[in-house]
Amino acid sequence: MSADVMQKIISLCKRRGFVFQSSEIYGGLKSAYDYGPLGAELKRNIINEWWADMVHRRENVVGLDASIIMQRKVWEASGHLAGFSDPLVDCLVCKNRFRADQAPKLAEGVEAPLSFADKGQAKAAAELIEKQFSLTLERRGKDLHGAKGSGRGYVCPACGSPFLSKERMFNLMFRTSIGATDPLDEIAEAMESGKFAGLSGRELRQAIGEINERSAVYLRPETAQAMFVQFANIQQAMAMKVPFGIAQVGKSFRNEITVEHFIFRSCEFEQMEMEFFCEPETAGEWLDFWRNARMDWWRRYANHPEKFHFREHEADELAHYADKCYDIEYEYPWGQGELEGIANRTDYDLKKHAQHSGQKLEYFDPVKQQKFVPYVIEPAAGATRGLLVYLIDAYCEEQLTDANGKTDTRVVLKLHPRLAPIKVAVLPLVKKDGMPELARKVVEAFWQHGIAARYDETHAIGRRYRRHDEIGTPYCLTIDGQTKDDQTITIRDRDTMEQRRVSVESAVREVEELLRNS
RNA sequence: GCGGGAUUAACUCAGUUGGUAGAGUGUCAGCUUCCCAAGCUGAAUGUCGCGGGUUCGAAUCCCGUAUCCCGCUCCA
């Protein structure tokens, strides 16, 4: 697939009402997107299919719809508050950004190991250092000598330079404040009364931070925590027996350093997550079970199931809570990337929350007569990423040749029928001879059955077919001259463009059948 | 966050050395049309991303800024 397919999909998304840039008339907002009429349907269909598969079809999984704003202690316990505020530093020479606590150590005054990929870069770096820091370094091939480690105690992990920006905190969680009073008022009062007088910059920041933190709340960076926090309530209310799962769909928020690839990585996104609580000894089996179940699910709706892959996390990339993790990755136009992660979170989260809350988060096995803290297997999928994946998977340009030998390109979204925003287009072949009236009756029957259907009488029939191909409508029903004689209409398949006649009376049933069996 | 590119109608894009904006597609109305886009007639739609500056005059030159794309970087 060519790289400009993304451009075409982005364009189609806007033109046909799948995805718009947020706040577009005001110049947009970085990484925020609105799902238009068709996008809203597509996203909802994906989520509904997920929910049906994860919750409705399983005896041992139940749902939850939790608050996005949670007590800050939740994030202290989960480790997000600490982990989301690591000091980051930019290298002023090679522009690399890195975490200060993970950088190579170098004592003050010790020779800095400046080294670059090639001589050219070394030369450019030497010139930059001379210009900006008035320091002439000795250049030997791709290495530079003469720079000394600073009081910082570490150097750039990429080029070894000690020329670094200030450490800056990047809070990856969105912070806001709860309560009718603005913490800024309290800060202003404190400053006015001279309470902050004589504080250093660092102390001042801390003092202000303390006031701010009193009313601070955070938007969840993952939906998972609520399922751990409500573990005991749900287990008791529903009398669940381990193993069992809690599923949730909802928005999460992260101040991503870099947003990229349209809706792929954005600050506000939607997740479909399930926490599956099991006996520790069985965690390995359940991890295998769920990663296979999830892969099957993704492939079920795909035209190109071979583009979905497993990738096991290396030990050094595992999250702090995870023991083992498989990503389901997809071959996006820009390369392979994450779509879902299936992790063994062990008993990390329940134990942390038990510890921080002082509550017992255990399970009592009535048969074995013993208490234990369950292990958790977590399949965490991106719903909005899923939407993007299925759009890319479905996007197709076909070369057609008509009766006169003229070639023509057909753009078609081969969305799985149950994912398609509109299931049926009802079209009078021409706008006369009572066809529109008949067509209206047909489309209303679909609406009464709750099937998303559109009536369209504009332009030539071929154009209407193409328009619906482009938004992925799987079935077009056409009322023609024969309809009023024998009460039959044609049903056209989006992918094959083949038509067959069905009776008007059975049209809804036919489509319902097709949707069920697709 | 860095580097590069871009931003002109709903979409894709023209726009000359600076002189008050065009095309195709799409949309809408009507005609025509009995089955796979681009038949006929007509119509609507532009703060040229936004804000400054230079100039008699800026879509065009300069500065800033926002957003998008690509690459790096980053990414629990």
Side-chain angles (χ1 to χ4, degrees), chain A residues 3-4 6-8 10-17 20-33 78-80 82-84 86 88-99 102 156-158 165 168 170 172-173 221-222 224 252 254-262 264-265 267 313 317-322 325 327 333-335 337-338 341 343 345 348-349 378 380 398 400-403 406-412 427-433 435 458-470 476 478-483 489-490 492 494 496-499:
Chain A
D4 65 0
M6 271 309 287
Q7 288 308 319
K8 289 177 178 173
I10 291 168
S11 170
L12 190 152
C13 278
K14 181 178 180 186
R15 196 156 34 85
R16 294 301 191 202
F20 305 117
Q21 167 129 57
S22 163
S23 317
E24 193 188 83
I25 63 168
Y26 289 106
L29 178 66
K30 190 174 175 173
S31 161
Y33 293 93
S78 71
H80 286 86
F84 270 170
D86 298 314
L88 296 183
V89 177
D90 292 311
C91 174
L92 299 175
V93 178
C94 72
K95 310 301 182 192
N96 180 46
R97 168 174 288 175
F98 56 92
R99 274 174 62 171
Q102 292 181 351
C156 171
S165 75
R168 281 177 298 182
F170 282 77
L172 263 68
M173 282 198 288
E222 62 174 15
S252 293
R254 292 179 195 171
N255 264 321
E256 297 285 353
I257 294 172
T258 314
V259 295
E260 58 187 351
H261 303 309
F262 193 40
F264 176 76
R265 187 191 306 287
C267 296
H313 277 209
E317 63 175 322
L318 283 171
H320 65 273
Y321 51 71
C325 181
D327 276 352
W334 61 85
E338 191 191 356
R345 290 183 78 132
Y348 178 90
D349 298 277
E378 174 195 75
E398 288 180 355
L400 301 180
T401 310
D402 69 10
K406 264 204 320 190
T407 57
D408 156 33
T409 304
R410 182 172 85 118
V411 174
V412 44
L427 317 166
L429 186 60
V430 292
K431 212 174 5 173
K432 61 180 185 184
D433 301 336
M435 290 180 209
T458 59
H459 297 293
I461 188 71
R463 244 195 256 196
R464 282 176 274 165
Y465 287 149
R466 294 304 172 85
R467 201 156 47 189
H468 279 283
D469 289 340
E470 205 184 22
C476 287
T478 304
I479 285 72
D480 59 15
Q482 199 181 319
T483 304
I489 54 180
T490 63
R492 169 191 182 267
R494 175 195 67 202
T496 63
M497 298 195 286
E498 280 166 9
Q499 292 176 295

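Letters A, B, ... are given to chains in the order of the sequence lines, protein chains preceding strands, and every chain is numbered from 1.
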Work out how far the [atom1] atom of [N] is from that of [M], and round it to whole angstrom.
| N | M | atom1 | result |
| --- | --- | --- | --- |
| B/C69 | B/C40 | C1' | 41 Å |
| B/U45 | B/C11 | C1' | 13 Å |
| B/A44 | B/A37 | C1' | 22 Å |
| B/A59 | B/A9 | P | 14 Å |
| B/U8 | B/C61 | P | 16 Å |
| B/G22 | B/U27 | P | 24 Å |
| B/C2 | B/A10 | P | 32 Å |
| B/A66 | B/U54 | C1' | 23 Å |

[atom1] of [X] versus [atom2] of [N]: gap in Å, rounded?
| X | N | atom1 | atom2 | value |
| --- | --- | --- | --- | --- |
| A/Glu470 | B/U12 | CD | C1' | 13 Å |
| A/Leu427 | B/C34 | CG | P | 16 Å |
| A/Ile25 | B/C50 | CD1 | P | 13 Å |
| A/Phe20 | B/C11 | CZ | P | 10 Å |
| A/Glu260 | B/C70 | CD | P | 8 Å |
| A/His261 | B/C72 | NE2 | C1' | 12 Å |
| A/Asp327 | B/C75 | CG | P | 15 Å |
| A/Leu12 | B/G26 | CG | P | 14 Å |

Quick one: is B/U33 close enough that its OP1 or OP2 comes under 4.0 Å of any side-chain N or O from A/Lys431?
->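 For A/Lys431, the contact criterion (side-chain N or O under 4.0 Å from OP1 or OP2 of B/U33) is not met.
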N or O in side chain of A/His459 less than 4.0 angstrom from B/C28 OP1/OP2 =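 Yes, A/His459 has a side-chain N/O under 4.0 Å of OP1/OP2 on B/C28.
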Closest non-hydrogen atom pair between [X] and [Y], with its separation:
| X | Y | answer |
| --- | --- | --- |
| A/Gln21 | A/Tyr33 | CA-CD2, 4.1 Å |
| A/Arg464 | A/Leu429 | NH2-O, 3.2 Å |
| A/Ser23 | A/Leu29 | OG-CB, 4.4 Å |

Is there a donor-acceptor contact under 3.5 Å from the side chain of [X] to the main chain of [Y]?
| X | Y | answer |
| --- | --- | --- |
| A/Ser31 | A/Cys267 | yes |
| A/Arg410 | A/Glu398 | no |
| A/Asp480 | A/Gln482 | yes |

From [options], nucleotide with atom closest to [X] side chain:
| X | options | value |
| --- | --- | --- |
| A/Thr458 | B/C75, B/C11, B/A29 | B/A29 |
| A/Lys14 | B/C28, B/U73, B/A10 | B/A10 |
| A/Thr258 | B/U27, B/A76, B/C74 | B/C74 |

Could you check if a side-chain atom of A/Arg466 sits within less than 4.5 angstrom of a side-chain atom of A/Asp408, using non-hydrogen atoms only?
->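 The answer is yes; the side chains approach within 4.5 Å.
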Close side-chain approach of A/Thr478 and A/Arg492, heavy atoms under 4.5 Å =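 In short, these two side chains do not touch, never coming nearer than 4.5 Å.
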With sequence neighbours excluded, residues passing side chain to side chain donor-acceptor pair (under 3.5 Å) with A/Glu222 |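 Partners of A/Glu222 by the side chain to side chain donor-acceptor pair (under 3.5 Å) criterion, ordered by chain and then number, come out as A/Gln225, A/Arg345.
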Supply the atom-to-atom distance A/Ile479 CD1 to A/Asp433 CG, rounded to the nearest 0.5 angstrom.
->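 If we round to the nearest 0.5 Å, A/Ile479:CD1 and A/Asp433:CG are 13.5 Å apart.
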Considering every strand shown, what is the Watson-Crick or G-U wobble mate of [N] when both distances are under 3.5 Å?
| N | result |
| --- | --- |
| B/G71 | B/C2 |
| B/A37 | none |
| B/U12 | B/A23 |

So, does the side chain of A/Arg265 form a donor-acceptor pair with the base of B/C75 at under 3.5 Å?
->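 Yes, a donor-acceptor pair under 3.5 Å.
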Residue closer to the 5' end of RNA chain B, A/Lys432 versus A/Glu222 (nearest nucleotide) =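 That would be A/Lys432.
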Distances under 3.5 Å only, N/O to N/O: pair up the protein atoms with those of nucleotides 63-68 of chain B.
from: B/A66; atom 1: O2'; to: A/Gly27; atom 2: O; distance (Å): 3.3
from: B/U67; atom 1: OP1; to: A/Lys30; atom 2: N; distance (Å): 3.4
from: B/U67; atom 1: O4'; to: A/Gly27; atom 2: O; distance (Å): 3.3
from: B/U67; atom 1: O3'; to: A/Gln21; atom 2: NE2; distance (Å): 3.2
from: B/U67; atom 1: O2'; to: A/Gln21; atom 2: OE1; distance (Å): 2.9
from: B/C68; atom 1: OP1; to: A/Ser31; atom 2: N; distance (Å): 2.7

Spell out protein contact along nucleotides 35-40 of chain B as letters: B when the base is contacted, S when just the sugar-phosphate is, - when no protein heavy atom is under 4.0 Å; keep the 5' to 3' order.
-> BBBB--
Fit a plane to each ring of A/Trp334 and A/His261, take the angle between them on a 0 to 90° scale, and name the class: parallel (under 30°), tilted (30 to 60°) or perpendicular (over 60°).
->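 Rings of A/Trp334 and A/His261: parallel, under 30°.
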